[in-house]
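All residue numbers in this chain count up from 1 along the given sequence. Start at 1 and go down the list; that is how both ligands and their atoms are numbered. Everything numeric here is computed off the predicted structure, so don't read it as measured data.
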Amino acid sequence: MISGVRLIIIGRQGAGKGTQCQRMSRHYVVPHISTGDMLRAAVREGTELGQMAKQVIESGRLVGDEIMIELVRTRLDQEDARGRGYILDGFPRTVTQAEALDGITAELPIDAVIDLDVPRDLVLARISARRVCRDCGTNYTASGRERHPWTCDLCGGDVVQRDDDSEESVNRRLDLYETQTAPLLEYYGSRGRLTVVDGTASPDAVFQRLTTAIESARRAR
Ligand code: AMP
């Protein structure tokens with residue numbers, strides 16, 4: 001049986017993280033922990049966290065570090081994550097979150113930090129075609145030839161454009177990425193912990209590159 005993995009994946013929105021994380025989650029049999037999905041679930045459920053996060057997400061800003069750190073600390077402490085590991089997607093987003101994560105994972109350290117690299121103009125084109133199942137979160141790409149209403153192949157839920165995928169919101173998030181999250185690459189890079197994977201190829205080719213990169217990062221540890 002393939003061993004588990006503890007992985008951080010960084011990359012611009014629309015770099016293909018969602019798709020690749022789903023595949024890696026099946027391959028390594030570990031949960032795909034997406035802080036964006038966790039927050040959107042909280043919004044749907046109308047929890048206290050969801051009510052607070054709703055406007056922040058819609059405007060493309062970031063939820064506060066303290067709240068996010070506690071959310072991730074609690075999730076990584078659950079049995080599945082402690083046992084086989086996890087793929088952490090969307091966290092850390094800031095250097096403060098990265099420093100906190102080093103503390104949280106001191107006992108069970110991260111195997112690899114991957115930057116899934118796709119240039120900004122390419123991700124903008126991808127995001128404008130991105131659709132997601134409102135119920136199970138499966139990703140789709142619009143070709144313009146879909147039947148409406150569009151329903152999910154897996155669960156029958158509505159396939160929609162995410163509220164935060166409007167052009168204005170996407171541009172703001174990409175700007176935020178450059179100013180706030182890019183320092184993470186410096187944080188992990190300067191410590192020799194970052195592996196850059198070119199995300200511009202086909203999904204199969206990118207998946208192959210990712211698993212190869214993870215194995216070599218593991219051997220180097
Ligand atoms: P994502 O699906 O990763 O693009 O996340 C959607 C939105 O959730 C982001 O634009 C932020 O508003 C919020 N979010 C997700 N993860 C974090 C995080 N680690 N720190 C702060 N805000 C976050």
Side-chain angles (χ1 to χ4, degrees), residues 7-22 24-25 31-76 81 86-105 110 113-118 120 123-124 126-141 160-185 187-188 199:
L7 188 70
I8 296 174
I9 185 149
I10 302 172
R12 292 189 174 84
Q13 293 80 8
K17 279 183 302 169
T19 307
Q20 294 298 336
C21 287
Q22 269 187 1
M24 286 194 291
S25 160
H32 167 209
I33 300 177
S34 153
T35 47
D37 285 349
M38 288 168 85
L39 291 172
R40 281 185 289 276
V43 171
R44 276 199 305 276
E45 287 156 19
T47 63
E48 201 180 318
L49 170 68
Q51 286 172 25
M52 182 281 305
K54 189 171 190 297
Q55 284 199 338
V56 178
I57 295 174
E58 279 169 7
S59 66
R61 288 173 289 128
L62 289 181
V63 174
D65 284 334
E66 219 172 291
I67 293 167
M68 294 309 302
I69 289 164
E70 281 320 302
L71 192 67
V72 168
R73 186 196 305 280
T74 306
R75 181 62 187 89
L76 297 192
Y86 47 83
I87 298 161
L88 196 48
D89 166 15
F91 186 98
R93 279 282 225 289
T94 64
V95 170
T96 304
Q97 293 179 10
E99 286 167 349
L101 187 62
D102 280 343
I104 294 169
T105 58
I110 302 286
V113 182
I114 305 258
D115 173 24
L116 186 60
D117 187 34
V118 177
R120 181 170 175 140
V123 300
L124 263 171
R126 283 185 184 180
I127 291 174
S128 64
R130 180 160 78 176
R131 301 293 181 274
V132 64
C133 171
R134 209 198 295 270
D135 293 340
C136 73
T138 298
N139 290 312
Y140 292 92
T141 303
V160 296
Q161 185 166 41
R162 274 167 40 172
D163 291 342
D164 57 340
D165 276 353
S166 73
E167 196 177 327
E168 189 195 341
S169 173
V170 170
N171 267 309
R172 196 197 316 239
R173 266 153 53 212
L174 288 172
D175 288 346
L176 251 181
Y177 180 85
E178 310 301 339
T179 56
Q180 215 160 6
T181 313
L184 280 179
L185 305 183
Y187 179 87
Y188 288 118

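Within the structure, salt bridge (charged side-chain N to carboxylate O under 4.0 Å, His left out) pairs that include any residue of residues 90-102 comprise Asp102-Arg193 (at least two apart or interchain).
Legend: residues meeting side-chain hydrogen bond (donor to acceptor under 3.5 Å, both in side chains) with Arg131, ordered by chain and number and at least two apart, are absent. Checked against side-chain hydrogen bond (donor to acceptor under 3.5 Å, both in side chains), Asn171 has the following partners two or more places apart in sequence or in another chain: Arg120.
A 6.0 Å sphere centred on CD of Glu66 holds no more than 12 heavy atoms belonging to other residues, nucleotides or ligands.
Here the side chains of Tyr140 and Val160 are not in contact, with every heavy-atom distance at 4.5 Å or above.
Partner of Leu88 under the side-chain contact (heavy atoms from CB on, under 4.5 Å) criterion, chosen from Leu101, Ile10, Val113: Leu101.
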Show me the short polar-atom pairs for ligand 1: any N or O of it lying under 3.5 Å from a protein N or O, with distances only.
residue: ligand 1; atom: 2 (O); partner: Arg40; partner atom: NH1; Å: 3.0
residue: ligand 1; atom: 2 (O); partner: Arg40; partner atom: NH2; Å: 3.0
residue: ligand 1; atom: 3 (O); partner: Arg93; partner atom: NH1; Å: 3.3
residue: ligand 1; atom: 3 (O); partner: Arg93; partner atom: NH2; Å: 3.2
residue: ligand 1; atom: 4 (O); partner: Arg93; partner atom: NH2; Å: 3.4
residue: ligand 1; atom: 5 (O); partner: Arg93; partner atom: NH2; Å: 3.3
residue: ligand 1; atom: 12 (O); partner: Arg61; partner atom: O; Å: 2.5
residue: ligand 1; atom: 16 (N); partner: Thr35; partner atom: OG1; Å: 2.8
residue: ligand 1; atom: 16 (N); partner: Gly90; partner atom: O; Å: 3.4
residue: ligand 1; atom: 16 (N); partner: Arg93; partner atom: NH1; Å: 3.4
residue: ligand 1; atom: 19 (N); partner: Gly90; partner atom: O; Å: 2.8
residue: ligand 1; atom: 19 (N); partner: Gln97; partner atom: OE1; Å: 3.0
residue: ligand 1; atom: 20 (N); partner: Gln97; partner atom: NE2; Å: 3.0
residue: ligand 1; atom: 22 (N); partner: Val63; partner atom: N; Å: 3.1

